[in-house]
Amino acid sequence: MAERIIKYTEALKEATDQMMEIDPKVFVVGLGVSYKNGADGTTAGLKAKYPDRILDVPVSEAGLTSMAVGAAVTGLHPIVHHGRVEFALLASDGMFTQAAKWNYMFGGGNPVPIVIRINVGRQWGNGPQHTQALYSLFGGVPGLKVVIPSSPRMAKGLLVSALKENNPVIILEPRWLFNIKEDVPTEIFSEPLDKARVIREGKDITVVAYGDGLHSVREALELIGDAVSVELIDLVSINPVDHDTVARSVAKTGRLLTVDTTNEAFDIGSEIIAHVARNKSLKLKDAPIGLACPNVPVPTSTVLTEEYYPTKVTIANAILSALGKPSIDKKLSFEELHLAPTTTLK
Amino acid sequence: MAERIIKYTEALKEATDQMMEIDPKVFVVGLGVSYKNGADGTTAGLKAKYPDRILDVPVSEAGLTSMAVGAAVTGLHPIVHHGRVEFALLASDGMFTQAAKWNYMFGGGNPVPIVIRINVGRQWGNGPQHTQALYSLFGGVPGLKVVIPSSPRMAKGLLVSALKENNPVIILEPRWLFNIKEDVPTEIFSEPLDKARVIREGKDITVVAYGDGLHSVREALELIGDAVSVELIDLVSINPVDHDTVARSVAKTGRLLTVDTTNEAFDIGSEIIAHVARNKSLKLKDAPIGLACPNVPVPTSTVLTEEYYPTKVTIANAILSALGKPSIDKKLSFEELHLAPTTTLK
Amino acid sequence: MKTAYLDAFKKMVSIRAAEEEIAKYYLENKVMSFVHFYVGQEAVAVGVCDALSAEDRVMGNHRSHGHYLAKGGDLKRMVCELLGKAEGCCRGKGGSMHMIDKSVGFIGSTPILGSVVPLANGSAFEQRYSKRGGITAAFFGDGAFEEGVVYETLNLAALFKNPLLLVVENNLYSVNSKLRDRRSAEHEVERIVTGFGVRYMKADGLDYDDVHKKASELVKHIRSGKGPAVLECVTYRHMAHSAPIFDDAAGYREEDVLEKRLEKDSVKKVRNLLLSQGVSETELSKIEADARAHAVECVKYAAAAPLPDKKELFTDVYA
Amino acid sequence: MKTAYLDAFKKMVSIRAAEEEIAKYYLENKVMSFVHFYVGQEAVAVGVCDALSAEDRVMGNHRSHGHYLAKGGDLKRMVCELLGKAEGCCRGKGGSMHMIDKSVGFIGSTPILGSVVPLANGSAFEQRYSKRGGITAAFFGDGAFEEGVVYETLNLAALFKNPLLLVVENNLYSVNSKLRDRRSAEHEVERIVTGFGVRYMKADGLDYDDVHKKASELVKHIRSGKGPAVLECVTYRHMAHSAPIFDDAAGYREEDVLEKRLEKDSVKKVRNLLLSQGVSETELSKIEADARAHAVECVKYAAAAPLPDKKELFTDVYA
Ligand SMILES: Cc1ncc(C[n+]2csc(CCOP(=O)(O)OP(=O)(O)O)c2C)c(N)n1
Ligand SMILES: Cc1ncc(C[n+]2csc(CCOP(=O)(O)OP(=O)(O)O)c2C)c(N)n1
Ligand SMILES: [Mg+2]
Ligand SMILES: [Mg+2]
């Protein structure tokens with residue numbers, strides 16, 4: 001088959017479009033989803049094709065999200081879109097207290113098939129109130145399934161799965177990845193919602209990452225070359241976390257590095273490392289390592305964010321130092337530090 | 001000095017009253033805080049004494065919390081009371097996006113002296129939508145200080161500190177402890193907001209707990225007697241977490257048990273254990289152990305909650321088994337399982 | 001007409017009897033589950049549900065025994081739920097604040113104040129989207145009406161013209177807080193609601209007839225595709241906010257003191273109406289006795305019913 | 001009177017010139033910070049702030065350059081903030097959506113839509129509680145007016161009679177979404193606002209005079225202790241929602257097409273008024289040239305100003 005290279009945002013749009021074609025229960029609500037380039041392009045052009053199913057809405061996150069939950073409870077399959085985690089937080093009740101608990105609290109038989117897409121994290125100039133991730137909140141509420149697509153292919157496959165799932169699925173989409181490109185199958189396909197993926201096998205160290213951080217690890221591995229044999233795991237799901245896949249890898253490599261792109265307190269790395277540490281059958285060669293953002297809000301001035309997120313260099317050096325290898329000395333350009341990558345994945 | 005035994009709720013009321021006496025900037029807002037037995041007794045009688053400073057409010061959690069944030073920003077020192085975490089979630093924006101970030105995002109010089117008191121967790125009959133704790137959310141947002149008082153004395157001392165603090169402090173108050181009694185100093189005194197406390201020294205194992213779980217550990221230690229020498233740490237603060245105190249203790253005992261009273265995914269134990277695991281200078285004798293609630297919502301029927309929270313028996317047995325001692329076989333009564341304790345602490 | 005009132009009387013009396021028997025059971029036993037009694041407000045639930053059809057849906061709040069029963073919910077399964085039994089409408093997982101009986105169109109109640117309003121709007125959205133017909137009614141209180149999401153929903157429902165009936169049961173209190181401590185003296189619900197383009201009517205929530213007539217008119221409006229409506233019913237809650245007792249001693253009540261509540265009692269009102277229409281005391285007493293007997297039987301049934309298996313703690317987190 | 005308009009003209013022109021120079025700088029340089037221009041809406045900020053006293057407080061939203069400057073905020077510190085410089089009003093941590101200059105009573109702006117409304121209500125609460133006098137005005141948009149917390153605040157502010165002036169800048173859009181796609185045809189802001197017991201007036205937001213007169217009347221009402229008020233100002237945003245460009249090509253505008261915006265431009269309107277009052281073209285041109293020169297100087301200053309120290313990433317998380 002010929003390659004078909006598309007962007008992360010296009011992959012999301014394609015999944016939405018293809019699933020809307022086959023499932024009349026699917027509709028989309030969110031601020032600006034009806035625009036020509038709606039929701040950062042992830043709903044581009046769909047309003048024209050599905051005029052009654054792509055719904056722009058008033059600025060009422062709580063009301064519109066819980067409305068969608070109510071529609072899901074009664075048989076539709078809504079996609080809700082929120083442009084920032086902070087906007088979605090206004091809909092906390094609908095997500096964490098209603099959708100997550102509905103089937104359980106009514107004793108089963110009450111599914112909530114809803115997909116809530118939320119853009120998270122890093123982008124220049126967003127500042128302290130537009131860049132949180134709050135992963136541990138999303139990971140810690142039972143009843144939700146929560147995934148973080150790390151590439152265009154994952155974005156499409158996970159959104160398709162989410163739309164075939166009979167439970168509330170939250171998709172956290174790192175803005176940092178929106179322009180990443182990849183060969184993505186044109187047909188409908190699914191990626192499992194609750195399985196981590198070993199995306200590169202190795203024997204010296206296990207690196208667990210997700211979303212934008214995973215992309216930085218990929219870049220770091222290019223810097224490192226063959227110096228270290230790294231097993232790279234895309235965590236994919238943070239609710240539930242696939243601890244088994246991590247354990248199997250760590251059992252083999254004996255070393256663990258986690259890479260987070262959120263504040264270090266209560267980050268995903270802690271959850272992973274704690275599970276490995278509690279696992280009596282795993283013996284590590286060294287203490288596990290966690291990279292994360294400092295425990296401060298995200299400032300706006302680029303000079304202040306320069307050292308905020310783990311970069312390919314800090315990640316590469318964490319891996320090299322874990323294996324006792326000399327570190328790399330490389331200064332990143334302004335573009336590398338602050339502009340979202342436009343890489344084509346292979 | 002003569003003993004003066006008061007309840008957890010009375011200790012909170014006393015701190016409020018005494019601080020209101022000396023600081024006219026302090027006022028209280030919350031649903032029903034003006035009732036004779038307001039806020040579960042924690043504001044009982046205060047309306048009569050401070051008619052304009054104890055304010056009952058409409059059922060508008062977002063509006064009233066952010067109003068209080070605005071009052072704090074302009075110089076007052078509000079106490080906001082929320083009866084359940086789920087109600088407080090409606091005020092997520094005010095807590096996590098405004099109060100937590102205000103001083104940082106305006107470049108300093110913009111303190112937010114506010115105290116937000118939230119009742120959390122366990123109580124019979126509350127069911128899936130009234131019993132969450134969401135500790136990892138509160139712990140993971142920089143800019144907040146978050147404490148969990150484990151006893152009447154801590155409740156008073158921490159609330160006093162919170163009212164002397166120039167930053168947003170969230171006090172998570174486990175309902176389970178409301179009837180616990182203790183000798184509490186009558187005068188104003190402070191307990192540090194960000195320090196864990198070693199409340200019992202020991203050499204075999206470090207147990208880290210907080211709030212209602214800490215109380216269950218105390219009970220477990222009575223069951224165990226002298227069989228094991230346990231070092232017990234009251235975590236006190238989950239934002240920031242005092243990892244140093246834990247590390248010092250673990251360096252001594254070489255064993256670690258964490259006790260959580262929330263769902264196990266992304267719990268506080270994970271955060272503690274991960275820090276210990278990442279700490280190269282700490283060598284444990286055994287894999288650390290975490291007790292927590294299963295990763296399901298809290299059901300209502302008592303038969304289903306029976307095995308939900310770690311009890312003194314499960315905790316005692318975790319400790320005993322860690323030290324290779326025989327376990328205790330004890331069935332708890334209905335009252336022990338489901339009714340909040342009324343113990344007087346010594 | 002007479003039969004209509006007789007039917008309403010039966011429903012109201014059976015809700016009343018059920019709750020009285022449950023309250024008695026609560027007082028005599030250690031029941032570990034929250035409870036908010038509906039006693040006094042029956043005319044609202046029955047008046048509204050009588051204006052609905054079988055395919056219409058109803059949702060409620062923390063005080064939904066009456067709503068559930070008025071829509072036809074099964075009493076045994078309700079009491080079982082309160083007592084945490086396996087046959088409960090949520091298999092014991094929800095408790096009193098989570099009523100559901102989808103077989104009769106009662107599709108759930110939620111105790112987070114205001115939350116039912118957007119959820120019901122979602123159900124109404126579905127009815128319009130799927131062109132299936134039917135409307136959704138949501139019951140909630142004057143306190144819940146202070147949550148911001150209610151106003152967001154008024155706007156969204158009006159914008160989408162969703163077939164939504166919002167029934168505000170204004171029983172004068174949120175817990176023990178009076179309206180005047182929660183709203184300015186100039187507050188006018190009608191102006192607010194109609195400002196969003198939503199139809200509004202106010203009914204005497206102690207008068208079945210008034211509630212039913214106005215609900216019927218609004219249901220007609222909604223069915224005709226003209227968009228959502230609000231029915232505010234002013235009513236009295238007879239018992240304490242959340243306990244199986246009468247709490248007059250607490251001293252917070254003003255207008256709705258005990259004798260006033262008894263005098264204006266909604267069940268008594270329908271009863272008197274029926275008497276005046278010539279229905280015999282015997283017939284009415286028979287209805288009351290039957291309702292009582294049924295309530296007693298259901299409570300007894302639930303008390304003896306089996307508990308869920310402990311393993312159910314772990315089931316149904318996901319569908 | 002003439003001098004009053006001259007003063008307003010000066011302020012409006014200097015806001016306009018500042019933003020035009022900033023936009024130019026953005027287009028020519030890689031500025032890594034969001035920006036939402038206020039161009040077109042100047043009559044609202046200046047008309048309202050001219051009705052306030054020095055001790056009154058103002059808060060804003062994501063589009064607050066104009067609010068900040070109208071209250072007297074320092075332009076250099078504003079541009080420095082946009083460019084992430086150490087002398088920025090937030091030392092570079094906030095960026096364009098976080099304006100603050102407490103020395104002139106501009107106590108902060110927040111980009112979470114609607115959030116400024118309850119926060120400003122808290123400031124007004126403080127003014128009443130501390131009996132210090134003064135009022136708080138908050139600027140926000142028609143989109144933000146759809147957030148539930150705004151209605152909660154209308155109720156809370158009316159209940160407490162807080163000295164709060166809410167200024168809704170209705171520029172017809174939330175991003176590019178039209179009012180009619182967000183509200184039903186029967187939507188009436190006045191009914192809603194007054195339903196909460198809050199005073200309401202509507203002004204022509206392109207007319208300084210109208211805004212100023214109505215703001216003054218409402219400020220008087222508020223100062224007299226009668227409680228909060230809403231001033232809705234219908235206005236036009238000239239530039240794109242969030243970019244230093246004109247976006248007519250995007251095609252979403254209906255009423256406010258380019259020629260209409262130019263024809264009804266608020267700055268031009270005051271200018272013409274002054275001309276008709278006999279102020280000379282020379283004097284007006286001089287004002288414009290001075291404003292431009294000041295703006296150019298401030299942008300130049302900011303461009304050359306030092307960046308914050310990297311270590312500041314870690315400071316000020318706590319006070
Ligand atoms: C969001 C939220 N805040 C607070 C509560 C606590 N609470 C439970 S019932 C109640 C009073 C509700 O009053 P109203 O809506 O008028 O209903 P009523 O109890 O009078 O029937 C309150 C404050 C809650 N359940 N949810
Ligand atoms: C809670 C929230 N939801 C969404 C956004 C994204 N957003 C930023 S500005 C904007 C439009 C706001 O419209 P309006 O309030 O009318 O102000 P205007 O931009 O027209 O001045 C939106 C939707 C946000 N900042 N906050
Ligand atoms: Mg009520
Ligand atoms: Mg607007």
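Every chain is numbered from 1 and lettered A, B, ... according to where its sequence line falls, protein lines coming before strand lines.
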| message | Quick check on A:P24 against chain C: is it the side chain, the backbone, both or neither that has a heavy atom closer than 4.5 Å? | response | backbone
| What pair of heavy atoms forms the shortest contact from C:P118 to A:G63, and how long is it? | CB-O, 3.9 Å
| request: Among A:V112, A:L76, A:D52, single out the residue with the greatest number of heavy-atom pairs under 4.5 Å to chain C. | output: A:L76
| said: Heavy-atom pairs under 4.5 Å with chain C - which of A:V59, A:V57, A:N110 has more of them than the others? | reply: A:N110
| field | Flag side-chain contact, heavy atom, 4.5 Å: C:I107 against A:F106 | value | no
| task | Return the minimal non-hydrogen interatomic distance between A:P58 and C:L159, and the atom names on each side. | result | CD-CD2, 3.7 Å
| request: Find the distance between CE (C:M97) and CE (A:M105) and round it off to the nearest 0.5 Å. | output: 10.0 Å
| message | Given A:M67, which partner from the list C:N162, C:L164, C:T153 fulfils the side chain to side chain contact (heavy atoms under 4.5 Å, CB included) test? | response | C:N162
| request: Go through the atoms of C:N121 and report whether side chain, backbone, both or neither lie under 4.5 Å from a heavy atom of chain A. | output: both
| Option in C:A120, C:S115, C:S130, C:G108 with maximal non-hydrogen atom pairs under 4.5 Å from chain A | C:S115
| Top of C:P308, C:C89, C:C90 for chain A proximity - count of heavy-atom pairs under 4.5 angstrom | C:C90
| Residue among A:T74, A:V69, A:V73 satisfying side chain to side chain contact (heavy atoms under 4.5 Å, CB included) with C:L119 | A:V69
| task | Kindly check if the number of other-residue, nucleotide or ligand heavy atoms within 6.0 Å of NZ (C:K220) is above 12? | result | no
| message | Consider side chain to side chain contact (heavy atoms under 4.5 Å, CB included). Of C:D316, C:V317, C:T315, which one does A:N103 pass it with? | response | C:D316
| message | So does C:F314 get a backbone contact from the side chain of A:Y104, meaning a donor-acceptor N/O pair under 3.5 Å? | response | no
| message | Please classify the contact of C:E312 with chain A as side chain, backbone, both or neither, using a heavy-atom distance under 4.5 Å. | response | backbone
| said: Heavy-atom cut-off 4.5 Å, strictly under: side chain, backbone, both or neither for C:M59 against chain A? | reply: side chain
| field | C:S123 portion near chain A, given a 4.5 angstrom heavy-atom threshold | value | both
| Nearest-0.5 Å distance that lies between atom CD1 in C:I112 and atom OG in A:S92 | 11.5 Å
| With a 4.5 Å heavy-atom cut-off, do C:Y129 and A:K25 have their side chains touching? | no
| What are the two closest non-hydrogen atoms of C:E126 and A:A71, and how far apart are they? | CG-O, 4.2 Å
| task | Check C:Y318 against A:K145 and note the closest heavy-atom contact, atom names and distance. | result | CE2-CG, 3.6 Å
| said: Is A:E61 in contact with chain C via its backbone, its side chain, both, or neither, using a 4.5 Å heavy-atom distance? | reply: backbone
| field | Check: C:A319 main-chain N/O paired with A:N167 side-chain donor or acceptor under 3.5 Å | value | yes
| field | Contact winner vs chain C - A:T97, A:T65, A:L55, A:N166, heavy-atom pairs under 4.5 Å | value | A:L55
